[in-house]
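So the structure is just underneath, and the comments pick up after that.
Values reported hereafter were calculated over all heavy atoms of this structure, with side chains retained and with hydrogens, waters and symmetry mates removed. As the structure lists them, so they are numbered: ligands from 1, and atoms in each ligand from 1. Positions are given from 1, in the same order as the sequence printed here.
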Amino acid sequence: MTSASLQASRGTRDIWGSEILLWQFLEQQARDILGRANYQEIRTPIFEATELFSRGIGEGTDIVNKEMYTFTDRGDRSLTLRPEGTAGVVRSLIEHKRLNQGVQRCWYQGAMFRYERPQAGRQRQFHQLGVEVFGSADPRADVEVMALAWEFLQALSLPGLTLELNSVGDPEDRQRYQAALVEYLTPYAQALDPDSQVRLTKNPLRIWDSKSPATQDILTAAPRLPAYLGSAAQAHFEQVQAGLTALGLTYTLNPRLVRGLDYYTRTAFEITTTDLGAQAAVGGGGRYDGLVQALGGTPTPAVGWAMGLERLVVLLQKQGETPAPRLDFYIVAQGEGTGILSLQISQMLRRQGFRVEIDLSNSALGKQLKRADKLGSHACVILGENEVQSQQIPVKWLATGVQEWVDFPAGFADDERWRQKFAAIPRPKGP
Ligand code: ATP
Ligand code: MG
């Protein structure tokens, strides 16, 4: 293989440069907002036993059927790169017996893997942020997680988002509904897209997820799930809506929003945008009161969501949110003894919380100063042989061109002095 052929694998990409600042901004907002709601971060392994996902996501789903990165390791175990976060979190809570310790709230963030056709906002390695609440069937838990999703998106100032809401009822409700749906669709079976034809016998509710216009047309007059809710699920649904309204969250009821698997119960929601073309969903979630039991734990109600971070980054970029780099001091140095001095000054300033870079090029001072300008540093510390002798160091403020002399080391160690200098400088806000 020649080195020219080395590139990131299809459906994966490097995140760097100004884009990484958007990721850090996003992650910081998530940490702050979820931290204030006392959610605990959890980091589960990137790969797990394949069985966890086939049981936890469900045979018959696109993820398990077509999208998993599954391999056998050298010990002959079947392992899978996680395609989503919930199954691993549930496995962890069961394993560490955390589900009989009252309500557990957690969040996670990290890379997920699905073998899909890559396109804008759809990759093979992508990142999700997710939250889960275990141990509460209270509609307030549903409201809490949706409100947190909303707070997070508000913090990013993303316009054009809609919260779509539905209830998929309890398993008994869905069984009655499924029978009605199959009865309605059977006469149209030949006109459905091929995937939906298979689903008609295997997992009829998932036909609602079909992206085929012909299928969606047929569904227009189909019976709708909300009409089949039992009284308990209906009451829960109403309380969820009342909670959202009380918090000022606007939502749109979408009776087409369904989940195909038995462990999904009651609340289902999705957050969509009009700005991402075909990849309209930035996140989704709902209640899955049956999942813990399906994975071998004691029955535990649960509710949560997951969001695709790539899609949020694309939305941030569309807004022209390009964060300005912020360097406080650039240290240029030329001549005997300046190398050590540059190290010492950078250490002193960094310990005071400033962002400091040393020029390592050993090129002519003029060239180094140009670099300070290019980086947009606030100030430039200029070290030459004379300065090593005099211990009087010129510091140039690049916005004004004003130069002052600071004595080393005392002047550089004087936090108060620098803080006053920087108080007058408008620092770029935001990411
Ligand atoms: P879609 O219908 O777009 O395939 P999904 O139903 O498979 O989405 P979920 O499993 O609910 O998606 O994942 C939650 C979120 O994760 C999605 O709303 C989306 O923002 C993001 N996501 C899912 N798959 C990908 C992917 N391959 N690349 C980037 N983001 C993704
Ligand atoms: Mg998908």
Side-chain angles (χ1 to χ4, degrees), residues 8-13 15 19 23 26 30 53 56-58 60-69 80-90 107-132 145-146 149-150 152-153 156 158 160-166 168 193 195-196 199 203 205-212 215-216 254 256-261 263-264 267-288 291 303-317:
S9 301
R10 185 164 151 77
T12 71
R13 50 191 295 279
I15 304 170
E19 186 186 343
W23 285 81
L26 217 120
F53 301 116
I57 300 168
T61 57
D62 283 355
I63 294 182
V64 173
N65 286 353
K66 319 184 206 169
E67 296 175 0
M68 294 209 301
Y69 277 92
T80 294
L81 301 183
R82 61 182 186 196
E84 54 93 59
T86 303
V89 171
V90 172
W107 70 273
Y108 60 82
Q109 196 263 182
M112 307 293 162
F113 305 85
R114 297 184 193 177
Y115 193 79
E116 299 201 67
R117 194 168 67 77
Q119 46 198 300
R122 187 175 298 282
Q123 291 167 211
R124 293 184 174 171
Q125 173 171 339
F126 62 102
H127 298 78
Q128 283 184 338
L129 167 73
V131 309
E132 323 281 3
V145 297
M146 282 188 268
W150 204 251
F152 171 61
L153 296 167
L156 306 181
L158 297 179
L161 296 172
T162 308
L163 172 61
E164 298 185 24
L165 182 67
N166 195 20
V168 297
D193 62 278
D195 274 354
S196 297
R199 287 171 178 163
N203 196 346
L205 263 68
R206 295 254 323 163
I207 295 174
W208 284 104
D209 283 344
S210 167
K211 285 171 179 141
S212 142
T215 301
Q216 285 298 335
N254 178 359
R256 291 170 172 252
L257 196 63
V258 296
R259 299 272 188 266
L261 298 166
Y263 51 71
Y264 287 112
T267 309
F269 65 93
E270 216 162 78
I271 295 171
T272 54
T273 169
T274 45
D275 292 352
L276 283 179
Q279 270 53 254
V282 300
R287 217 167 235 295
Y288 43 94
L291 178 61
V303 60
W305 50 255
M307 271 188 223
L309 297 184
E310 275 75 8
R311 295 184 192 178
L312 296 182
V313 168
V314 171
L315 289 174
L316 284 174
Q317 283 170 330

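Of all atoms in ligand 1, numbered sequentially from 1 with element shown, those under 4.0 Å from a heavy atom of G308 are 15 (C), 16 (O), 20 (O), 21 (C). Close approach of ligand 1 to V282 (heavy-atom distance below 4.0 Å) involves ligand atoms 18 (O), 20 (O). Contact atoms of ligand 1 toward E116: 24 (N), 25 (C), 26 (C), 27 (N) (distance under 4.0 Å to a heavy atom of the residue). Of all atoms in ligand 1, listed by their number and element, those nearer than 4.0 Å to a heavy atom of Q128 are 13 (O), 14 (C), 15 (C), 16 (O).
With atom 9 (P) of ligand 1 as the reference point, the heavy atom nearest to it among E270, R114, M307 is part of R114.
Put simply, the side chain of L309 does not reach to within 4.5 Å of the side chain of F126, judged on heavy atoms. By the 4.5 Å heavy-atom criterion applied to side chains, E310 and R122 are not counted as neighbours. Looking at M307 and L312, their side chains come closer than 4.5 Å, going by heavy atoms from C-beta outward. Side chains of E164 and R256 form no contact here, defined as non-hydrogen atoms less than 4.5 Å apart.
Not a single heavy atom of Q119 sits under 4.0 Å from any atom of ligand 1.
A perpendicular orientation is assigned to the rings of W23 and H127, their planes being inclined by more than 60° (bins at 30° and 60°).
Residues satisfying the ring pair (Phe, Tyr, Trp, His ring centres under 6.0 Å) criterion with W150, sequence neighbours excluded, are absent altogether.
We find the CG-CG distance between L26 and L129 to be 7.5 Å, quoted to the nearest 0.5 Å.
By the criterion of a heavy-atom distance under 4.0 Å, neither the backbone nor the side chain of E310 is placed next to ligand 1. Neither the backbone nor the side chain of E84 comes within contact range of ligand 1; no heavy atom lies under 4.0 Å. By the criterion of a heavy-atom distance under 4.0 Å, neither the backbone nor the side chain of H127 is placed next to ligand 1.
Any N or O atom pair closer than 3.5 Å counts here, and A281 shares at least one such pair with ligand 1.
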